[in-house]
Amino acid sequence: MDSTNNELTYNVAQLLKERVGSTRKLDVSIETLPLYEDGDEDLDAHDLEGTVKVTNLGEGVLVQGDVKAIVHVQCSRCLTDINLPVEGQLEEQFRPTVDVETGRAVQRQSYEVDDTAFDIDANHIMDLTEPVRQALLVAMDMRPLCREDCKGLCPECGANRNDVDCGHEQVVEDSRWAALRELDLSDLSTDRNKN
């Protein structure tokens, strides 16, 4: 995703002019942030808020902090819609593309290029949209549950076992024993009698 969100952009020109080690505390807040878009499937974070500390490193800034949001997803067992609280941590470096004092483009040697750092644009604007999006996606449960003891759906009739007792028995078989279940023991007993 490459979309800029004005609510997550901050001008860091003054901080870049200050001495190395200077910091700023920024409050992060946005009503909705798209996390994932793929045709029919969209995933958004809602009521996002957090606090970050921005530190002048001399050749850029370091952003550290925590963000939290609510993500509307389906339970991985019973497919019920749920509001999943997600808390992510940020620790990202931003580097200027333009020198704050001279206004000239920053020239970096090939060994100085760091593709893990984000850019601060020519107007000294730092955009936290992508790092916040990534932090929330990484922090999300891969298999979200509506509750820890979710019973899921019945494989026979599809009923939500959290809501109704459909009467179908849930048999959990350990697949590691499948080969032993297929073993025909009668072949073993006839071989012993021959010796």
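Residues Leu26 and Val54 are in side-chain contact: their nearest non-hydrogen atoms beyond the backbone lie under 4.5 Å apart. For the pair Asn123 and Asn11, the minimum side-chain heavy-atom distance is 4.5 Å or more. Counting heavy atoms from C-beta outward, Leu15 and Ser22 have side chains that approach closer than 4.5 Å. Here the side chains of Glu156 and Cys166 are not in contact, with every heavy-atom distance at 4.5 Å or above. At a threshold of 4.5 Å between non-hydrogen side-chain atoms, the residues Asp81 and His72 do not count as touching. The shortest side-chain heavy-atom distance between Lys68 and Glu49 falls under the 4.5 Å cut-off.
Both Val12 and Phe118 are members of a single hydrophobic cluster when ILVMFWY side chains are connected at heavy-atom separations under 4.5 Å.
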### Task
Show your working on side chain to side chain contact (heavy atoms under 4.5 Å, CB included) between Asp127 and Asp121 and close with a plain yes or no.
CA-CA 9 Å; Asp127 184 4; Asp121 75 11; over 6 Å; no
### Query
Under the side chain to side chain contact (heavy atoms under 4.5 Å, CB included) criterion, do Leu136 and Leu48 qualify, and how do the steps go?
CA-CA 10 Å; Leu136 291 174; Leu48 186 143; 3.3 Å; yes
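Members clustered with Leu153: Leu79, by chain and number, using a 4.5 Å side-chain heavy-atom cutoff among hydrophobic residues. Cluster partners of Leu57, using a side-chain heavy-atom cutoff of under 4.5 Å among ILVMFWY residues and allowing indirect links, are Leu62.
Remark: the backbone N or O of Gly21 is not paired with any side-chain donor or acceptor of Thr55 at under 3.5 angstrom. No donor-acceptor distance shorter than 3.5 angstrom exists from the side chain of Arg161 to the backbone of Lys151, with no hydrogens or angles considered.
Under the side-chain contact (heavy atoms from CB on, under 4.5 Å) criterion, Thr51 pairs with Lys25, Asp27, not counting sequence neighbours. Tyr10 meets the ring-ring contact (aromatic ring centres under 6.0 Å, His included) test with no other residue; sequence neighbours excluded. Arg24 pairs by the side-chain hydrogen bond (donor to acceptor under 3.5 Å, both in side chains) definition with Glu18, not counting sequence neighbours.
Residue-environment remark: CD (Gln89) stays at or below the threshold of 12 foreign heavy atoms within 6.0 Å. Around atom CD of Gln64, more than 12 heavy atoms belonging to other residues, nucleotides or ligands sit under 6.0 Å away.
Under the side-chain hydrogen bond (donor to acceptor under 3.5 Å, both in side chains) criterion, the residue pairs touching residues 138-149 are Arg147-Asp149, Arg147-Asn162, with sequence neighbours excluded.
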